[in-house]
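Below: the structure, in structure tokens.
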Amino acid sequence: MNEETFLANWRTILENRAEEVISRFRQVPGVRALILGGSLGRGETWPLSDIDIIPIYDNNHEDEANERIKELRTESIREWELAGWRTALDVGSLYFNVEMVSRVINSRPSDLDSLLDNLSCYHCLDKAYQGRVLVDPDGYGSDLVQWFNAHRFADQVVSLRKSKLAKSFSINLSLLEKSITEQERLTATFYLNEAVENLRTYLLESWGERDHSFARLGTRFERIARAKQQDHLADKINKVRSLDDESVLNRLNVSPDWIKNRHRLSYRCRRSMGEELTEVQDARDVLRVFARYEMKKLWHETSDAYPEWLGIMSSIEEARYRYESLQRLGDEVLSV
């Protein structure tokens with residue numbers, strides 16, 4: 001399967017692959033329900049959509065069942081690669097057992113803070129929102145999705161999420177400061193970027209929006225900021241992350257071929273869906289996502305020479321300057 005074949009049939013291929021993995025996963029002992037989340041579950045698919053699956057397991061069987069699910073995930077991706085086109089399959093990091101589902105759907109307002117400390121619950125408010133329940137003989141999946149749909153934008157949930165994002169920003173700011181003290185440019189850049197994303201998501205929560213479609217979030221955020229007459233905040237966020245237009249063009253110019261190809265493909269797919277955006281906007285989204293993944297791969301390497309396209313700060317002096325810029329931006333954003 002080549003690019004042209006995939007793009008001519010991408011909707012059918014993605015649906016068939018989702019059905020294929022659901023058929024495999026439902027056979028795993030301990031699986032009680034399977035939710036198709038993300039853009040595919042919501043019916044907002046694009047050609048490069050991931051397949052996002054949220055399993056619900058029997059109590060006391062979640063560990064072994066989830067390990068088997070991860071093995072099947074690896075096998076499925078390998079088969080798709082051999083067929084000529086890779087589709088990302090996101091499953092195994094977010095899941096529930098029956099007891100946790102019961103806790104969620106029977107929760108009281110006083111329970112919400114502790115519920116949102118659970119990473120699966122916190123992230124599935126977005127990931128499983130308006131999802132499709134494909135395996136659900138006992139109704140656990142339907143009950144959970146209905147709860148997410150009903151509570152995602154409840155005032156208390158939004159307030160708690162904003163509070164947790166502000167706390168995460170403070171933690172990442174402290175880690176950035178520590179990295180500067182230790183003169184670690186890679187970790188300083190990573191924590192700066194994480195802190196910026198905390199602020200971006202905080203603003204989305206404040207504006208009644210969700211943090212979804214990770215690969216396209218930056219451009220979507222810019223559009224929302226423009227509609228809210230908050231363009232200056234989007235510009236500041238891009239600038240502090242070295243994702244302003246000039247930096248994007250410079251970084252893309254020195255990026256490896258696989259990044260340039262991802263950008264070419266992503267821009268082609270988005271335009272084919274009728275999305276209005278510039279090539280620079282798409283390149284910004286690609287760099288934002290994939291530089292993060294690559295930085296984590298370099299985490300334990302001893303070399304101090306990093307690929308330029310990653311946007312790693314060139315000196316500790318630059319890191320100090322951007323730290324101060326980030327502090328000012330945080331003060332501005334967290335007052336919204």
Practice prompt. Could you check if a side-chain atom of Met273 sits within less than 4.5 angstrom of a side-chain atom of Cys269, using non-hydrogen atoms only?
Written response: no
Worksheet item: Which word best sums up how the rings of Phe290 and Tyr293 line up, parallel for under 30°, tilted for 30 to 60°, or perpendicular for over 60°?
Response: perpendicular
Worksheet item: When you look at Arg241 and Ser247, which way does the side-chain hydrogen bond (donor to acceptor under 3.5 Å, both in side chains) test go after all the steps?
Response: CA-CA 9 Å; Arg241 276 208 61 174; Ser247 296; over 6 Å; no
Worksheet entry | Over 12 foreign heavy atoms within 6.0 Å of NZ, Lys162 | yes
Worksheet entry | Heavy-atom side-chain proximity of Leu249 to Asn253 below 4.5 angstrom | no
Discussion item. Could you check whether any side-chain N or O of Glu62 sits under 3.5 Å from a backbone N or O of Asn60, counting only pairs where one atom can act as donor and the other as acceptor?
Written reply: yes
Worksheet entry | Euclidean distance, Glu20 CD relative to Leu89 CG, rounded to 0.5 Å | 9.5 Å
Worksheet entry | Side chain to side chain, Thr219 and Arg270, heavy atoms closer than 4.5 Å | yes
Practice prompt. Using a 4.5 Å cut-off on heavy atoms from C-beta on, say whether the side chain of Ile237 contacts that of Leu329.
Written response: yes
Worksheet item: Are side-chain heavy atoms of Leu310 and Leu186 found at a separation under 4.5 Å?
Response: no
Practice prompt. Look only at the side chain of Ser107 and the backbone of Val104, and say whether a donor-acceptor pair between them is shorter than 3.5 Å.
Written response: yes
Worksheet item: If we ignore angles and hydrogens, is there a donor and acceptor under 3.5 Å between the side chains of Ser114 and Asp117?
Response: no
Worksheet item: Are Leu287 and Leu265 connected in the hydrophobic side-chain network, where two residues link if heavy atoms are under 4.5 Å apart?
Response: no
Worksheet item: Between Arg17 and Ser76, is any side-chain donor less than 3.5 angstrom from a side-chain acceptor?
Response: no
Worksheet item: What distance separates Lys236 NZ from Ser325 OG, expressed to the nearest 0.5 Å?
Response: 10.0 Å
Discussion item. Could you walk me through whether Trp299 and Phe190 satisfy the side-chain contact (heavy atoms from CB on, under 4.5 Å) test, starting with their C-alpha distance in whole Å, then the side-chain angles of each, then the deciding distance to 0.1 Å, before giving a yes or no?
Written reply: CA-CA 10 Å; Trp299 201 262; Phe190 181 86; 3.4 Å; yes
Worksheet entry | Check: Glu275 main-chain N/O paired with Arg271 side-chain donor or acceptor under 3.5 Å | yes
Item to complete: Check step by step if side-chain contact (heavy atoms from CB on, under 4.5 Å) holds for Gln281 and Val248.
Response: CA-CA 9 Å; Gln281 285 177 313; Val248 166; over 6 Å; no
Discussion item. Nearest 0.5 angstrom please: Thr45 OG1 to Glu15 CD, how far?
Written reply: 6.5 Å
Practice prompt. Evaluate the side-chain proximity of Trp147 to Leu125: yes if any heavy-atom separation is below 4.5 Å, no if none is.
Written response: yes
Practice prompt. Answer whether the closest heavy-atom distance between the side chains of Asn193 and Arg288 falls below 4.5 Å.
Written response: no
Worksheet item: With distance as the sole criterion, is a donor-acceptor pair present between the side chains of Asn9 and Thr12 under 3.5 Å?
Response: no
Worksheet item: For the side chain of Arg226 and the backbone of Asp231, is there at least one donor-acceptor N/O pair under 3.5 Å apart?
Response: no
Worksheet item: Do Val135 and Ile35 pass the side-chain contact (heavy atoms from CB on, under 4.5 Å) test, and can you show the C-alpha distance, the side-chain angles, and the key distance before you say yes or no?
Response: CA-CA 7 Å; Val135 175; Ile35 301 166; over 6 Å; no
Practice prompt. Please check if any side-chain donor atom of Glu332 sits under 3.5 Å from a side-chain acceptor atom of His232, or the reverse.
Written response: yes
Item to complete: Would you confirm whether Asp50, through its side chain, and Asp52, through its main-chain N or O, come within 3.5 Å as a donor-acceptor pair?
Response: no
Discussion item. Grouping I, L, V, M, F, W and Y whenever their side-chain heavy atoms are under 4.5 Å apart, do Phe153 and Val145 come out in a common cluster?
Written reply: no
Worksheet item: Just how far is it from atom OH of Tyr57 to atom CG of Asn66, taken to the nearest 0.5 Å?
Response: 3.5 Å
Discussion item. For the backbone of Met313 and the side chain of Arg185, can you confirm whether one donor and one acceptor N or O come within less than 3.5 Å of each other?
Written reply: yes
Discussion item. Please tell me whether Leu217 and Val240 are part of a single hydrophobic cluster in this structure, the criterion being side-chain heavy atoms less than 4.5 Å apart.
Written reply: yes
Worksheet item: Any side-chain heavy-atom pair from Thr87 and Leu48 closer than 4.5 angstrom?
Response: no
Worksheet item: Going from CG on Leu298 to OG1 on Thr189, what distance comes out if it is rounded to the nearest 0.5 angstrom?
Response: 11.0 Å
Worksheet item: Would you say the side-chain atoms of Asn106 pair up with the backbone N or O of Ser102, donor to acceptor, closer than 3.5 Å?
Response: yes
Item to complete: Please determine if Arg78 and Glu81 form a salt bridge, counting it only when a charged side-chain N lies under 4.0 Å from a carboxylate O.
Response: no
Worksheet item: Will you find, in the side chains of Thr187 and Ser179, an N or O donor that is under 3.5 Å from an N or O acceptor?
Response: yes
Worksheet item: Is there a donor-acceptor pair under 3.5 Å between the side chain of Arg223 and the backbone N or O of Gly218?
Response: no
Worksheet item: Do we see a donor-acceptor contact under 3.5 Å between the side chains of Glu317 and Tyr321?
Response: no
Pairs of donor and acceptor atoms involving the side chains of residues 169-177, under 3.5 Å and at least two apart or interchain, shall be tabulated with distances.
| unit_1 | atom_1 | unit_2 | atom_2 | d |
| --- | --- | --- | --- | --- |
| Asn172 | ND2 | Ser168 | O | 3.2 |
| Asn172 | ND2 | Asn198 | OD1 | 2.8 |
| Ser174 | OG | Ser170 | O | 3.1 |

Worksheet item: Does atom CG of Asn2 have more than 12 heavy-atom neighbours, drawn from other residues, nucleotides or ligands, at distances under 6.0 Å?
Response: yes
Item to complete: Would you check, one step at a time, whether the test side-chain contact (heavy atoms from CB on, under 4.5 Å) holds for Phe25 with Arg68?
Response: CA-CA 9 Å; Phe25 294 166; Arg68 180 55 183 152; over 6 Å; no
Item to complete: Using atom types as modelled and distance alone, determine if a side-chain donor or acceptor of Ser49 lies under 3.5 Å from a backbone N or O of Leu40.
Response: no
Worksheet item: Quick one: CG on Asn250 to CG on Leu252, what's the gap to the nearest 0.5 Å?
Response: 10.0 Å
Worksheet item: Would you say Ser206's side chain and Tyr202's backbone share a donor-acceptor pair under 3.5 angstrom?
Response: yes
Worksheet entry | Side-chain donor-acceptor contact under 3.5 Å, Asn149 with Tyr129 | no
Worksheet item: Does CG in Asn16 sit with more than 12 non-hydrogen atoms of other residues, nucleotides or ligands closer than 6.0 Å?
Response: yes
